[in-house]
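Worksheet: one structure, shown below.
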Amino acid sequence: MLVYNFTLALRSLRERIQLTILMVLAIAIGIGLLITVQTMSYQGDKIPLAHKADKIFFVQADNRDIGAEPIVRQPFMTYLTYRDANNIINADTPASKHTTVWKSDVILNSFDQDVRPFRASTVVTNNNFFSMFDVPFQYGGAWSESADRGAEPVVILTKESNDLLFGGKNSVGQQLRVNALTVTVVGVMAEWNLGRRFYDESYRMGRKDTAFIPDTFAIKNNINRRERLDCLPQDRDKQTAYRTKDVDGLINSECTFVRLWAELPDPNLADQYREFLTQYVMSQKELGRFPRELNNYVTSLYTMVTLRNELNGSRNPLAYIAPLFFIVCLLNAIGILLAKFMRKSKEVSLRRALGAKKWVLMTQYLFEVLIVGVLGGIVGTALAYLGLQGMLHVQIYQSDYAVTAQALSHAFALDWVMMAKSILTAMVSSVVIGLYPIWRVVNIAPASQLKSQ
Amino acid sequence: MEFRPILLSLKQNKFLSLLISVQVMLTVTVLSIATSITVETLKAWNMPSGLDHENIVSVRTQFFDPEVNLANAIVNDVNRIKQIPGVIEVTPNQEIPFDAGRPSKVYLSSEQDAEGFDTNFFDMNVDGHKVLGLTLIAGRFFNQTEVIQSSAEQATPVSVVMISQDMAKELFKDHSPLGKTLYLAKESQPVQIIGVYSNFMNGERLNGRGKSYHTIMRPQVIWQHGNNPNYLIKVEQGSAASLFEPITQALYQTPGRYIYGIEKLTRTQKRMYDGRGSQGAILLVVSLVLVLIAGFGVAGLVSFLITQRQKQIGIRRALGATKWSVIRYFIVENSMLTIFGLLMGTLLTMLFSYLMTQGSGQSFLSFSQVLYCSVFIWLINIAAVWLPARRAAKVSPAIVTRSA
């Protein structure tokens, strides 16, 4: 019976093939735009470093003056002072590892005169960074703890900067200059597909950082701070000097510019860590610091990213337009379906008169709309793929070709989840739009249409 | 008019009528939102630049070696670039046209509560106006003695400036700005305006506020480590791309520097607009596809309605209705549904624009856009009815007499 119904459904679809094609197209175009937009936000909202996002914590404590503005958006609250970050790292905490991150711009220049110098977006950190964030290495590895203690002149390059400076060869042990300082390469990272760059809280996808240097080395040699500096009101006029010149003033000041990340062996230790942080801030209050009420946050990477996604959620107008667009397409498909089914009135009334049951007819028509739905889903997925490629190229065009398609493609990739979602959405919506037309057509009274002609 | 019979017949076809109205409602919502955002993003888009941007090269460079003598380096740079065949003029500069940074404010008086006027400062040497190819509107250009060339620590403020045509209009309306004084910052020494030059584009930020051409030119070349000048170079017609390499080589003759970027101003201009341009284009394409789909949909539904009512049309024709009155009947019927849908759609548009701007608080919706979109969709719908209705009107009156 099912097979019979299925062949009938196929025959009916072939009967007026233009209408079938129109219907498939209507669903496909709607699905295409919807899945394009949804894939972008699905890829854009993915949690980076997902397998340990619940164990990595971002540490914030509010040292600002009493008159400072209230905290509205916690992820954008100030970072830590250099002093507090180091005090916390050296204290006895539940964390197994800590790392600090701040950013700089350095000029990498080779001793080889043929290689032109270039500016590298630089991460200033300690050696835990590489193990905490699972950084893959092509050559060498992280610098040692003693390099951190001794402020040794070492650098870790990325594949990109190693290609530029050393032609992609194993450069471990080679020397180059950071600005005018001679440093030694200890490691070259392999392609690090982080998705969004969470560790500096920029959540950027395209351009990557191309050099990593130890914090102690950067402070000792006064490498410039390309950072958001938040100072107390009385220090604001010193901010420019703190960025480029007065490094000693900066690290002893109340200006915040250091991001502190902690790794806990167990997510449940977060409360203990919060307890510790409260005690630390209280002890500092006794020294006359931290004048405000307690605003301490120990936030998991997972929560940080989720908060961030919520804040960015409503930006893209297409996110609102696509669902409406999809509904318009479905309404169109209903119209076509209705026209198609009502032409069958005579056939249906004849079959009913000959004793066909309602549910038999119903399954036949259900098959018909489901086939349309599946076809619409498949074509729609193909359209979504094209749409995403188009969006990727628009993005590259917008960045003035400063990012490569390769660096961005993960943000516009259609994976199995989204493909399944696409076809499932098409099938479900095809059944929904089929409900009314099917109900109309199976309720035609038997033999009613046979009178005339 | 036949409103009553139409309403009665609509009651017979409740579902289809609702379908048309809902479709119109959603279409007008999407179209209004899309065009409103597009109009907003494309405001002041691709305006005339006032520059021969295809033949001006912009080089951004920085010194990383703190031992470099910047004063000598700048003199050498300018001389070396000038010697390259194909180069016409060169000037050190800070702000780059199409890419000017945060706007500054200038004041007409030194009072505390004086009104500030937005502008961007362009610091150049005596050849600056030749590089940009500016026309003198009034007064005179700078002479060599007025140009301040100094390190940032020792620099004295300039005493004369030139302003752009639009800047002059905003500051002094119809009066001549020549010889007037201007304060380039609060509590600063006044400067004298010696000339007015033709407009050129400053950058995205003031462009967004409708002040694309508000600029002030200062005769100064100031340097400091970490903040040394860039260069703007006027080259011979069409030779810009071929000069990138010679210019780069000339600059690299001074060690301890790197070149961050070298490009034609045309490319700087592209970068200024292309984010907004492509967003607008995407929304417009989506809207167009939507209008097409919705148009086809309405045409399909109407032709279905008409086939169902062949007999009714035949009867009316037999009773003496003209072809035109049959067509009119369908147009009126469809317009009633459309207008109902448009009204609902306007409400929905307001709801959506409220939801979308909750975060930013900046409304993009313009009611004239909603009105234009409504009229447009109505016209499209009339066209979609017209074709099937004309076919229907051709039904011969005799058709009813035939069967049954």
Side-chain angles (χ1 to χ4, degrees), chain A residues 19 22 25-26 29-30 33 105-109 113 116-119 177-180 224 243-245 311-322 324-329 331-336 338-340 342-343 390-391 393-395 397-400 402 436-437 440 451-453, chain B residues 15-16 19-20 22-23 26-27 29-30 33-34 37 62-67 225-227 248 252 255-260 263 267-268 270-271 274-279 281-283 286-287 289-290 293-294 296-298 300-301 303-304 307-308 348 352 355-360 364 403-404:
Chain A
L19 283 184
L22 267 184
L25 272 184
I29 292 176
L33 183 67
D105 271 329
V106 303
I107 314 302
L108 296 183
N109 48 106
Q113 287 301 320
R116 279 177 178 170
F118 62 93
R119 184 163 74 169
R177 292 198 304 172
V178 164
N179 297 341
N224 73 312
R243 275 214 177 83
T244 51
K245 288 181 196 143
L311 287 173
N312 286 348
S314 58
R315 269 184 331 181
N316 188 357
L318 279 180
Y320 290 88
I321 289 176
L324 291 178
F325 188 93
F326 183 48
I327 296 176
V328 172
C329 291
L331 291 180
N332 264 302
I334 296 186
I336 302 170
L338 211 53
K340 197 169 155 69
M342 292 321 278
R343 280 175 210 277
M391 291 293 190
H393 284 97
V394 167
Q395 193 70 42
Y397 170 81
Q398 278 185 3
S399 71
D400 199 31
Y436 177 78
R440 276 282 297 267
K451 289 182 295 204
S452 59
Q453 287 166 3
Chain B
F15 185 80
L16 278 181
L19 211 59
I20 295 182
V22 171
Q23 192 152 335
L26 294 176
T27 311
T29 306
V30 175
I33 293 176
I37 295 179
Q62 201 140 43
F63 292 95
F64 58 83
D65 186 348
E67 305 302 319
H225 269 290
N227 190 23
T248 311
Y252 271 128
R257 73 137 41 107
Y258 80 106
I259 291 170
Y260 182 58
E263 64 186 13
R267 184 150 182 195
T268 324
K270 167 193 173 291
R271 207 166 39 238
D274 58 14
R276 296 190 285 151
S278 45
Q279 201 202 359
I282 290 174
L283 286 173
V286 169
S287 318
V289 173
L290 179 80
I293 289 182
F296 273 117
V298 171
L301 284 174
S303 76
F304 173 64
T307 3
Q308 276 206 320
L348 193 67
F352 263 90
L355 287 177
M356 287 168 74
T357 50
Q358 248 179 337
S360 67
F364 57 81
S403 62

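Naming: A, B, ... by sequence-line order, numbering from 1 per chain. The shown structure was predicted, so the numbers you read here are calculated from the model rather than taken from an experiment.
Atoms CG and CD1, on A:L22 and B:I293 in that order, are 10.5 Å from each other to the nearest 0.5 Å. Rounding to the nearest 0.5 Å places CG of B:L301 at 9.0 Å from CG of A:L331. To the nearest 0.5 angstrom, A:D105 atom CG is 13.5 Å from B:F64 atom CZ. Of the inter-residue distances, the one linking A:I321 atom CD1 with B:I37 atom CD1 reads 5.5 Å to the nearest 0.5 angstrom.
B:Q62 has its side chain out of reach of A:I107: every pair of non-hydrogen atoms, C-beta onward, lies at least 4.5 Å apart. The closest side-chain heavy-atom distance from B:P255 to A:Q113 is not below 4.5 Å. A:L318 has its side chain within reach of B:L283: a pair of non-hydrogen atoms, C-beta onward, lies under 4.5 Å apart.
Ring pair A:Y320/B:F352 is perpendicular by interplanar angle, where above 60° counts as perpendicular and below 30° as parallel.
Across B:V289, B:T29, B:L290, the residue that shares the most heavy-atom pairs under 4.5 angstrom with chain A is B:L290. For the set A:A339, A:A322, A:G335, A:A180, the entry with the most heavy-atom pairs within less than 4.5 Å of chain B is A:A339.
B:Y258 does not carry A:R119 over the face of its six-membered ring by the limits of under 6.0 Å from the centre and within 45° of the normal.
Contact of B:R276 with chain A is not made at all, since no heavy-atom distance falls under 4.5 Å. For B:Y252, the part sitting under 4.5 Å from any heavy atom of chain A is the side chain, from C-beta outward, and nothing else. In this structure, chain B has no heavy atom under 4.5 Å from any part of A:I336. Proximity to chain A (any heavy atom under 4.5 Å) is shown, for B:L26, by both the backbone and the side chain. There is no contact between A:N224 and chain B, counting heavy-atom distances below 4.5 Å. In this structure, no portion of A:L25 lies under 4.5 Å from any heavy atom of chain B. Contacts of A:Y397 with chain B are made by both backbone and side-chain atoms, with heavy-atom separations under 4.5 Å. Only the side chain of B:L16 comes within contact range of chain A, with heavy atoms under 4.5 Å apart.
The environment of A:F118 atom CZ is dense: over 12 non-hydrogen atoms of other residues, nucleotides or ligands sit within 6.0 angstrom. Within 6.0 Å of NZ in B:K270 there are more than 12 heavy atoms belonging to other residues, nucleotides or ligands.
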Checking A:I334 against B:F15 for the side-chain contact (heavy atoms from CB on, under 4.5 Å) test, could you report, in this order, the C-alpha distance in whole Å, the side-chain angles of both residues, the deciding distance, and whether it holds?
CA-CA 11 Å; A:I334 296 186; B:F15 185 80; 3.8 Å; yes

Start with the C-alpha gap between B:I282 and A:M391, add the side-chain angles, then the distance that decides, and say whether side-chain contact (heavy atoms from CB on, under 4.5 Å) holds.
CA-CA 9 Å; B:I282 290 174; A:M391 291 293 190; 3.7 Å; yes

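The closest donor-acceptor contact from the side chain of A:R116 to the backbone of B:I259 lies at 3.5 Å or more, if one exists at all.
Heavy-atom minimum distance, A:Q398 versus B:G275: NE2-O, 3.3 Å.
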